[in-house]
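As structure tokens, the structure follows; a few thoughts come after it.
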Amino acid sequence: MRKATILFMFSFITAQWSSESAYLLEKNRKEVGIFTPFKMGMSNGSELGVNKFLLMPSLSLKQEMSMYKSWKMARKFRVEYPTAGLKWIQSPLGGEMGDPNMFSLISTQFTIPHMLSFFTEFIGTKGGVKSGQLSLRAGAGIALNTKDLSSDATIDLPIIYPRLSVYYNDFVILSGAEYIRQISDKFYYLIDYDMYLMPGSAGRYAFEQQSLLVWQKSSKISLSFGYKLIVGEYPYGGQAHLLPNINLKFGW
Amino acid sequence: MKNKYCIYSFFISLFLSGCDPLVTSFNDVEDAVMYQSNRIIEYPAKRSISVMTWNIRFGVARLDFALDACGDRVIISKGEVITGLEGIAKKINESNVDIVLMQEVDVQSKRSSYVDQVQWLLNNTVMNYGAYASKWKSQIILADGIGRVDAGNLILSKWKLEDAKRHQLPLRGDQDGLTQLFYLRRNVVTAKVDMPGTPFFAVNAHLTAFATDDTKQKHIAGFKNILDDIVSNGFSFVAGGDLNAIPPNATKTNYCYDDQCEIGDYDPTDEKKGGCDFTEEINWLNDLYGSYEPAITLEQYGMNESKHYSHSPGDKLKLDRKLDYLWTNTSWSNGTTHQNATTLSDHIPITAVWEVE
């Protein structure tokens, strides 16, 4: 009973701000970050997520599952429609090829078909943030395209390449882990990794690891900063990138 | 405390080592990138050395590439690139040349499906060694979906190359800072050819095409200064490249109407268009012609200009101007403009035989 109460308290603390754990946002709590989607806690034990970038709409639903031993469990479903966004990326300023068509990331020689992707993930979380909370997740994604998207039309950049790979390769396997621990009243550190396996693709894997210091000023503002290390294979070969990582989240 | 410094140092070094520059810039002089074939053939020293210069247009032959012609494609498939390279390799092997000075060679560019053309050419020709210098190297070009690019100049040789250097030429002076950052960094690549008994220098240049100011004049002067230095150090050279300049006795100097993608594209009242009007630049090669020996002399060129044309843009197979040259400080024989190769690139190879003195 005492263990369950402690677990409940920890779950309340972590539920204040969303994370990649099996915990959900509190009912009716909403939050949005500069680099993270809009999320809202629902009344039916689920959490809704919506991408702010309307040209690449996606909708996710995270649902609680029954405990597995000492692991809190959840499942997450996500559907995404990237066509409008990818078409926009072909000519963001409305220029034509050779103008030059500035900021274009995909040549206009390629046709972007209608595409829809579906992702399913299972998440398990153990422990609490004061003593250290570990979350593990695994899942897969598939894409349905009305026509083939040319494999020459990839955007061969870190972060972007693995996230769009499902549309070129039809299939992606995801796994990840997150460890978060409170270090003072308002400060936390977070270490996580994401792994993308893209069998059959020109770039077959991407490994992303980030470490963040998180300042949860209040239940309304949270600031995190750190780095993201990306080691991946691209159509031209393997490469590592180390990028600064900063995010500002607002909750209400 | 010591541990803390170790941790900080680790993360700082990780950050620095992991950060490849978005755009690669270069020192004034730095080492070229060295390659060798996967099978080395031994060649004896020769008295007559056959030299070729060729702008190979990154192996896409006469396909309708958007950025240097009137096409609507930026990414060329791997199959098409390999087909283009096969044509180039066949021509090199048939010509039995000893040194090849190549321009517009891609080693890791999305536009040519990431084929390492230097290694491919070494593995598929009778050449043994390569010295490569990038003129355009960026993780991403934010225009037209070009993406990642690494393209440059290449010296191929049957004999070992030593002391290969990349010499930076001035950046275009008529561009804003942002465009200049992502634009080409033209260079001259030099290498000492270690032919037994008689080492000599090979020099390869690809000068600016579209500058509307005096950048091309600076490039020609920079190229000549490098040749002068080699001679002053007591060596001989074979040099060449795509100089993007026409001979001083060329009768036609303005190609702006010819190069229009559609009739009406060119308006002479608009601001100056680079790359098609050579009228004001017509004397810029005089210094080179006055100092060194060309494979095709001005007299030969003047007697039959069209026979020595080496370029026509895009998919226009009818050659209409001479932009490509071979030079030496000694003498050439058998200077030939290979106009039968007009389907293999938008430039055609020029060869000549250099007599070792």
Side-chain angles (χ1 to χ4, degrees), chain A residues 86-93 95-112 149-161 189 191 202-203 207-211 213 225-245, chain B residues 7 10-22 63-81 106-116 119 137-150 175-176 178-179 182-183 210 261-262 265 314:
Chain A
L86 294 184
K87 280 184 174 173
W88 179 76
I89 279 171
Q90 287 186 298
S91 187
L93 302 184
E96 289 182 10
M97 188 183 282
D99 271 355
N101 185 0
M102 292 304 293
F103 305 110
S104 164
L105 291 176
I106 299 175
S107 167
T108 50
Q109 77 191 68
F110 299 112
T111 303
I112 309 291
L149 177 60
S150 170
S151 59
D152 288 336
T154 51
I155 300 173
D156 306 331
L157 290 173
I159 300 178
I160 300 172
Y161 182 79
Y189 71 83
I191 300 169
F207 173 82
E208 298 178 358
Q209 191 274 318
Q210 66 176 350
S211 296
L213 183 65
F225 62 94
Y227 70 86
K228 185 174 265 238
L229 173 68
I230 303 129
V231 179
E233 192 178 51
Y234 303 89
Y236 57 82
Q239 195 174 16
H241 292 85
L242 190 62
L243 306 173
N245 191 353
Chain B
I7 292 167
F10 170 75
F11 280 106
I12 289 168
S13 58
L14 190 67
F15 197 90
L16 293 175
S17 63
C19 285
D20 279 346
L22 182 63
L63 292 176
D64 54 354
F65 185 67
L67 304 186
D68 66 355
C70 303
D72 56 4
R73 297 176 68 195
V74 168
I75 311 296
I76 308 299
S77 72
K78 189 171 182 177
E80 289 169 315
V81 172
D106 278 6
V107 297
Q108 201 178 65
S109 301
K110 187 169 184 66
R111 65 182 182 179
S112 51
S113 296
Y114 298 120
V115 175
D116 184 340
Q119 195 61 59
K137 188 174 182 184
S138 176
Q139 292 198 46
I140 182 100
I141 297 295
L142 287 170
D144 293 302
I146 298 169
R148 190 182 187 88
V149 67
D150 187 349
Q175 293 176 321
D176 61 79
L178 185 65
T179 307
F182 286 93
Y183 197 70
F210 303 110
C261 290
E262 286 175 26
D265 280 357

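Lettering follows sequence order; numbering is per chain, from 1. All heavy atoms count here, side chains included; hydrogens, waters and symmetry mates do not.
Of the two parts of B/Ser77, the backbone and the side chain both hold a non-hydrogen atom closer than 4.5 Å to a non-hydrogen atom of chain A. For A/Tyr234, no part lies near chain B; criterion is any non-hydrogen pair under 4.5 Å. Of the atoms belonging to A/Thr154, heavy atoms from both backbone and side chain fall under 4.5 Å from chain B. Proximity to chain A (any heavy atom under 4.5 Å) is restricted, for B/Ile140, to the side chain, taken from C-beta onward. Heavy-atom distances place no part of A/Ile89 under 4.5 Å from chain B, backbone and side chain included. Residue contact with chain B, scored on non-hydrogen atoms closer than 4.5 Å, involves the backbone and the side chain of A/Leu105 alike.
Of all heavy-atom pairs between A/Ser107 and B/Val74, the closest is OG-CB, 3.9 Å.
Between B/Thr179 atom OG1 and A/Met102 atom CE the span is 6.5 Å, to the nearest 0.5 Å. A distance of 11.5 Å separates CG in B/Asp144 from CD in A/Gln90, rounded to the nearest 0.5 Å. In this structure, CD on B/Gln108 lies 7.5 Å from CD on A/Gln239, to the nearest 0.5 angstrom.
Side-chain contact between B/Asp150 and A/Tyr236 is absent, with no heavy atoms from C-beta onward closer than 4.5 Å.
Distance alone, capped at 3.5 Å, is enough to place a donor-acceptor pair between the B/Lys110 side chain and the A/Asp152 backbone.
With chain B as the partner, the residue from A/Ile106, A/Ile155, A/Asp156 showing the most heavy-atom pairs under 4.5 Å is A/Asp156.
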